[in-house]
2 protein chains.
Amino acid sequence: MKSYIENINKAFESRIRLGIMSILMVNDWVDFATVKEMLDITDGNLASHITALEKLEYVEVRKQFVGKKPNTTYAATSAGKKSFVDHLNALESIIKKTT
Amino acid sequence: MKSYIENINKAFESRIRLGIMSILMVNDWVDFATVKEMLDITDGNLASHITALEKLEYVEVRKQFVGKKPNTTYAATSAGKKSFVDHLNALESIIKKTT
DNA sequence: AAAAGTACTTTGTATTGCAAAGTTAAAATT
DNA sequence: AATTTTAACTTTGCAATACAAAGTACTTTT
């Protein structure tokens, strides 16, 4: 028997990627430092999780200059948003069954 | 800034442990074979996740004989239930912020 | 010239996840 | 009596993460 658990997306099992996605669901083009600060994680950790989400095409990366400084911002792709919503729905059905 | 993400319980990040706990939230004393079948995982995988949850005192293990056969059953402890509810609440607040 | 900011990449270690195979002991089947 | 099955693990082995810390490169501010 396959359960509703199979609708859980492995890409979002990690606390940090859950955080990244929920930030990017409600804000487009959030910059590196902001995400890092919001999640209270190291540079390298954020960079690697972003890379993982980018490879899955769940997150898009934009690089530009603000004044003279480099600036990297992130946004969720529509595929990313859809997958994340699916994941949250799977969680929601667990919550409903459980509480 | 620490976000609501910090209320996510590392113990429940795994899809399988999420499954185990949601089964044990609504049923007490579910046996090994039933949980295994519900989650469609191998013996060893279930055993190791159960051990992890047991070490955290989120799950209690009862061993008895049914007729002449050994029978292992699991139930969530009250601490386990509480922690799981907290975790689900954290997820729920993400869902609410997000959708 | 030195320090600090931006956004990484690399390194190294530790942990985890999981399937598959091995184990143990009793029970059921042949 | 011998073999097979059931139940519930434990062990093994490998691959994949996770994460902090340190290193990098280039720029800008002091």
Side-chain angles (χ1 to χ4, degrees), chain A residues 1-3 5-24 27 29-56 58-75 87, chain B residues 1-3 5-6 8-21 23-24 27 29-56 58-75 87:
Chain A
M1 176 207 177
K2 295 276 176 62
S3 73
I5 294 301
E6 74 185 310
N7 295 320
I8 299 289
N9 191 331
K10 260 221 132 205
F12 304 132
E13 278 189 347
S14 133
R15 192 160 84 271
I16 290 172
R17 290 212 279 271
L18 205 60
I20 292 170
M21 288 308 290
S22 49
I23 291 167
L24 299 184
N27 304 100
W29 307 117
V30 185
D31 64 89
F32 188 90
T34 302
V35 176
K36 187 194 142 188
E37 202 186 321
M38 286 180 81
L39 300 177
D40 194 28
I41 54 178
T42 58
D43 287 20
N45 204 0
L46 175 55
S48 64
H49 282 292
I50 286 285
T51 300
L53 292 172
E54 205 190 350
K55 266 181 194 147
L56 293 166
Y58 287 169
V59 162
E60 205 178 333
V61 178
R62 176 191 284 170
K63 280 158 192 296
Q64 56 185 353
F65 278 82
V66 171
K68 299 287 180 66
K69 291 182 184 169
N71 179 257
T72 304
T73 52
Y74 307 113
H87 178 76
Chain B
M1 174 206 177
K2 297 275 175 66
S3 74
I5 294 301
E6 72 184 311
I8 299 289
N9 191 332
K10 260 220 131 208
F12 304 132
E13 280 188 345
S14 132
R15 191 159 86 271
I16 289 171
R17 289 212 280 273
L18 205 60
I20 292 170
M21 288 306 292
I23 290 167
L24 298 184
N27 304 100
W29 308 116
V30 186
D31 66 88
F32 188 89
T34 303
V35 176
K36 189 195 141 188
E37 201 186 322
M38 286 180 82
L39 300 177
D40 194 28
I41 54 179
T42 58
D43 287 19
N45 203 1
L46 175 55
S48 64
H49 282 292
I50 286 284
T51 300
L53 292 172
E54 204 189 352
K55 267 181 193 145
L56 293 166
Y58 287 169
V59 162
E60 205 177 332
V61 177
R62 175 191 285 170
K63 278 160 194 296
Q64 56 185 352
F65 276 82
V66 171
K68 299 287 183 64
K69 290 183 184 170
N71 179 258
T72 303
T73 51
Y74 307 114
H87 178 76

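Proteins come first, then strands; the chains are lettered A, B, ... in the order of their sequence lines, and each starts at number 1.
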_Rounding to an integer number of Å, can you tell me how far B/D31 CG sits from D/dT6 C1'?_
13 Å

*Return the nearest nucleotide to the side chain of B/Y74; candidates are D/dC9, D/dT10, C/dA7.*
D/dC9

*Evaluate the side-chain proximity of B/I50 to B/V35: yes if any heavy-atom separation is below 4.5 Å, no if none is.*
no

_Quick check on D/dC9: is either OP1 or OP2 less than 4.0 Å from any side-chain nitrogen or oxygen of B/K63?_
yes

_Nearest non-hydrogen partners of B/K36 and B/I41, listed with the distance_ = CG-O, 3.2 Å

Show me the protein contacts with nucleotides 20-30 of chain C, counting only N or O atoms at under 3.5 Å.
{"residue": "C/dA27", "atom": "OP1", "partner": "B/K68", "partner atom": "O", "Å": "3.4"}

*Mind calculating the distance between CG (A/N71) and P (C/dG5) to the nearest angstrom?*
16 Å

_Atom pair distance, as rounded to whole Å: CG in B/D40 and C1' in C/dA19_ = 13 Å

*Any side-chain heavy atom of B/L18 within less than 4.5 Å of one from B/H87?*
yes

*Base, sugar-phosphate, or nothing: which does A/I16 touch, judged by heavy atoms less than 4.0 Å apart?*
sugar-phosphate

*Figure out the CG/C1' separation between B/L39 and C/dG17, and round it to whole Å.*
15 Å

*Of all the choices, C/dC18, C/dC8, D/dA8, which nucleotide is nearest to the side chain of B/H49 once you look at every atom?*
C/dC18

_Side chains of B/D31 and B/T34, donor plus acceptor under 3.5 Å_ = yes

*How close or far is atom P of C/dT16 from atom CZ of A/R15, stated in whole angstroms?*
12 Å

*Non-hydrogen side-chain atoms of A/R15 and A/L39 separated by less than 4.5 Å*: no

*Starting from P on C/dA7, measure out to CD on A/E54 and report it in whole angstrom.*
14 Å

*Send over the distance from B/R17 CZ to C/dT15 P, rounded to a whole Å.*
14 Å

_Toward the 5' end of DNA chain C, by each residue's nearest nucleotide, A/S48 or A/K10_ = A/S48

*Protein-nucleotide distance (A/E13, atom CD; D/dA16, atom P), rounded to Å*: 16 Å

*Is there any salt bridge (Lys or Arg N to Asp or Glu O under 4.0 Å) pair reaching into residues 58-73 of chain B, and which pairs are they, with sequence neighbours excluded?*
none

*Does the side-chain contact (heavy atoms from CB on, under 4.5 Å) test come out yes or no for A/I20 and A/L46, once each step is laid out?*
CA-CA 9 Å; A/I20 292 170; A/L46 175 55; 3.8 Å; yes

*The side chain of A/A47 lies closest to which of these nucleotides: C/dG17, C/dC18, C/dT9?*
C/dT9

